[in-house]
Amino acid sequence: MNSMRIRRTAIAVAAVAVLPFSLAACSDSGADAGAGADAGAAPAGAAGDPADVGAPVPVDGAGAGDQPFGPACAGVPKQGAGSFDGMAKDPVATAASNNPALSTLVTAVKKAGLVDTLNNAKDITVFAPTNDAFAKIPKAELDKVLADKQTLTKILTYHVVGQKLTPRQLESGTFETLQKGEVTTDGAGEEYKVNGTSRVVCGDVKTANATVYIVDTVLMPK
């Protein structure tokens with residue numbers, strides 16, 4: 001009897017002695033497992049990781065749409081003063097004089113005495129009719145206008161807006177011209193019209209002091 005009681009006491013003491021070490025081992029094992037899980041999860045959920053769902057992803061060419069557009073742009077010289085790079089270095093009347101598609105407009109600007117006015121203006125937009133646009137006007141009528149400085153000045157200044165206009169502004173806009181009349185614009189993408197009839201054939205052309213939209217029809221003040 002005494003022997004059995006002594007044996008039970010010894011087993012109980014041994015169990016009490018071993019229990020703390022078992023609990024500690026379990027605790028360490030759990031911590032290690034948690035640490036392992038955290039270490040494995042950290043890269044996927046790390047703040048600022050580009051692979052995170054919802055993180056901004058850079059887009060190649062974003063914001064790089066500020067280039068001339070339209071079918072007539074293909075006819076602009078690739079090099080020299082009449083190229084897009086060359087025109088960007090000169091004020092608008094000088095820049096236009098280097099573009100062969102605008103020679104009639106340049107002649108009209110000179111006859112009206114507007115070269116210095118346009119070259120010295122700050123931050124303007126010019127709707128520049130092509131030679132073909134002027135060719136739509138009967139020759140006798142065009143010659144009459146070119147010979148009448150007052151009428152010619154009125155027509156040419158109607159093509160000039162006193163601020164630089166972006167393509168986005170042309171989508172649906174009404175703008176006062178230097179002639180004090182108004183032009184309206186509409187369109188989207190690379191298709192725009194002025195006053196509902198004159199189509200932009202080469203748009204967003206930069207010069208030193210202006211943005212130029214080359215158009216296929218001469219605008220007439222209302």
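We count residues from 1, following the sequence as given. For clarity, every value in this text was computed on a predicted model and none was experimentally measured. Side chains are part of it too, since the values below use all heavy atoms of this structure and drop only hydrogens, waters and symmetry mates.
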Visitor: Okay, side chain of Asn209, backbone of Leu118: is any donor-acceptor separation there less than 3.5 Å?
Guide: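 Yes; at least one donor-acceptor contact below 3.5 Å.
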
Visitor: Which pair of heavy atoms, one from Cys73 and one from Gly203, lies closest together, and at what distance?
Guide: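 Scanning both residues completely, I find the closest heavy atoms to be SG-N, 4.3 Å.
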
Visitor: Under a single-linkage definition using a 4.5 Å side-chain heavy-atom cutoff for Ile, Leu, Val, Met, Phe, Trp and Tyr, are Val201 and Val126 assigned to the same hydrophobic cluster?
Guide: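 In one cluster: yes.
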
Visitor: Do Leu152 and Val109 have side-chain heavy atoms sitting under 4.5 Å apart?
Guide: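 No, their side chains stay 4.5 Å or more apart.
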
Visitor: Tabulate below the donor-acceptor pairs under 3.5 Å that side-chain atoms of residues 76-90 make, not counting sequence neighbours, or state none.
Guide:
from	atom 1	to	atom 2	distance (Å)
Ser83	OG	Gly80	O	2.6
Ser83	OG	Gly86	N	3.1

Visitor: Pro129 and Val218: which non-hydrogen atoms are nearest, and at how many Å?
Guide: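 For Pro129 versus Val218, the nearest heavy atoms are CB-CG2, 3.9 Å.
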
Visitor: Under 4.0 Å between a side-chain nitrogen and a carboxylate oxygen: does that hold for Lys144 and Glu141?
Guide: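 No, Lys144 and Glu141 are not salt-bridged.
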
Visitor: Would Gln67 and Asp204 count as a side-chain contact (heavy atoms from CB on, under 4.5 Å) if you check the C-alpha gap in whole Å, the side-chain angles of each, and the deciding distance to 0.1 Å?
Guide: CA-CA 7 Å; Gln67 297 293 329; Asp204 209 18; over 6 Å; no

Visitor: Closer than 3.5 angstrom, by distance alone: can the side chain of Asp148 be matched with the main-chain N or O of Gln150 as a donor-acceptor pair?
Guide: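 Indeed, once roles are kept as given, a pair shorter than 3.5 Å links the two residues.
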
Visitor: Quick one: closest heavy-atom pair of Ser198 and Leu219, and the distance?
Guide: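 The answer is CB-CD2, 3.5 Å.
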
Visitor: Once rounded to the nearest 0.5 Å, what's the spacing between atom CD of Glu176 and atom CG of Leu178?
Guide: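 It is 8.5 Å, given to the nearest 0.5 Å.
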
Visitor: For Asp143, what residues pass the salt bridge (Lys or Arg N to Asp or Glu O under 4.0 Å) criterion, not counting sequence neighbours?
Guide: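 Listed in chain order: Lys139.
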
Visitor: Looking only at heavy atoms, what is the nearest atom pair of Phe175 and Thr185, with distance?
Guide: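 Looking at all heavy atoms of both residues, the closest pair is CE1-OG1, 3.4 Å.
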
Visitor: Side chains of Ser172 and Asp186 only: does a donor on one sit below 3.5 Å from an acceptor on the other?
Guide: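 Side-chain D/A pair, Ser172 to Asp186: absent.
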
Visitor: Applying a strict under-4.5 Å side-chain criterion to I, L, V, M, F, W and Y, I'd like to know whether Ile137 and Val145 cluster together.
Guide: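 Shared cluster, yes.
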
Visitor: Would you compute the distance between atom OH of Tyr158 and atom CD of Glu182 and round it to the nearest 0.5 angstrom?
Guide: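 One finds 8.5 Å between OH of Tyr158 and CD of Glu182.
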
Visitor: Going through the checks in order, is the side-chain contact (heavy atoms from CB on, under 4.5 Å) test met by Thr157 and Thr153?
Guide: CA-CA 6 Å; Thr157 54; Thr153 298; 4.1 Å; yes

Visitor: Val92 and Lys206: side-chain contact (heavy atoms from CB on, under 4.5 Å), yes or no, with the steps?
Guide: CA-CA 9 Å; Val92 65; Lys206 300 297 192 298; over 6 Å; no

Visitor: With no hydrogens and no angle check, is any side-chain donor or acceptor of Gln169 less than 3.5 Å from a backbone partner on Thr166?
Guide: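 Yes: the side chain of Gln169 pairs with the backbone of Thr166.
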
Visitor: Are Asn120 and Asp116 packed together at the side-chain level, in the sense that at least one heavy-atom pair is separated by less than 4.5 angstrom?
Guide: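 They are in contact (side-chain heavy atoms under 4.5 Å apart), so the answer is yes.
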
Visitor: Determine whether Thr177 and His159 make a side-chain contact, defined as any pair of heavy atoms from C-beta on separated by less than 4.5 Å.
Guide: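 Answer no - side chains too far apart.
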
Visitor: Is there a donor-acceptor pair closer than 3.5 Å between any side-chain N or O of Asn98 and the backbone N or O of Thr94?
Guide: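 Flag set: sc Asn98 to bb Thr94 pair under 3.5 Å.
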
Visitor: Begin with the C-alpha distance, continue with both residues' side-chain angles, and end with the deciding distance and a verdict on salt bridge (Lys or Arg N to Asp or Glu O under 4.0 Å) for Asp216 and Arg199.
Guide: CA-CA 6 Å; Asp216 69 354; Arg199 187 166 63 101; 3.8 Å; yes

Visitor: Distance from Leu142 atom CG to Lys136 atom NZ, nearest 0.5 Å?
Guide: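 So the CG of Leu142 and the NZ of Lys136 are separated by 13.5 Å.
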
Visitor: Compare all side-chain heavy atoms of Thr207 with those of Val212 and state whether any distance is below 4.5 angstrom.
Guide: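 Of all side-chain heavy-atom pairs linking Val212 with Thr207, at least one is under 4.5 Å.
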
Visitor: Kindly indicate whether the side chain of Thr211, heavy atoms from C-beta on, has any atom under 4.5 Å from the side chain of Leu165.
Guide: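 No, their side chains stay 4.5 Å or more apart.
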
Visitor: I want to check something: taking the side chain as every heavy atom from C-beta on, are Val200 and Ile214 in contact at a cut-off of under 4.5 Å?
Guide: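 Val200 does not reach Ile214 side chain to side chain.
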
Visitor: Side-chain heavy atoms under 4.5 angstrom apart, residues restricted to Ile, Leu, Val, Met, Phe, Trp, Tyr: same cluster for Leu102 and Tyr213?
Guide: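 No, Leu102 and Tyr213 fall in different hydrophobic clusters.
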
Visitor: Among all residues two or more places apart in sequence or in another chain, which pass the salt bridge (Lys or Arg N to Asp or Glu O under 4.0 Å) test with Lys164?
Guide: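 Asp123.
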
Visitor: Are Val215 and Tyr192 side-chain neighbours, meaning at least one heavy-atom pair lies under 4.5 Å?
Guide: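 Heavy-atom side-chain distance check fails, nothing below 4.5 Å.
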
Visitor: Does a side-chain heavy-atom distance below 4.5 Å link Val160 with Phe127?
Guide: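 The answer is no; the side chains never approach within 4.5 Å.
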
Visitor: Under 4.5 Å between side-chain heavy atoms, hopping through other hydrophobics if needed: is there a path connecting Val183 to Met220?
Guide: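 Cluster IDs for Val183 and Met220 differ.
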
Visitor: State yes or no: do Leu114 and Phe134 share one hydrophobic cluster built from I, L, V, M, F, W and Y residues joined by side-chain heavy-atom distances below 4.5 Å, directly or via other members?
Guide: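 They do share one cluster, since a chain of ILVMFWY contacts under 4.5 Å joins Leu114 to Phe134.
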
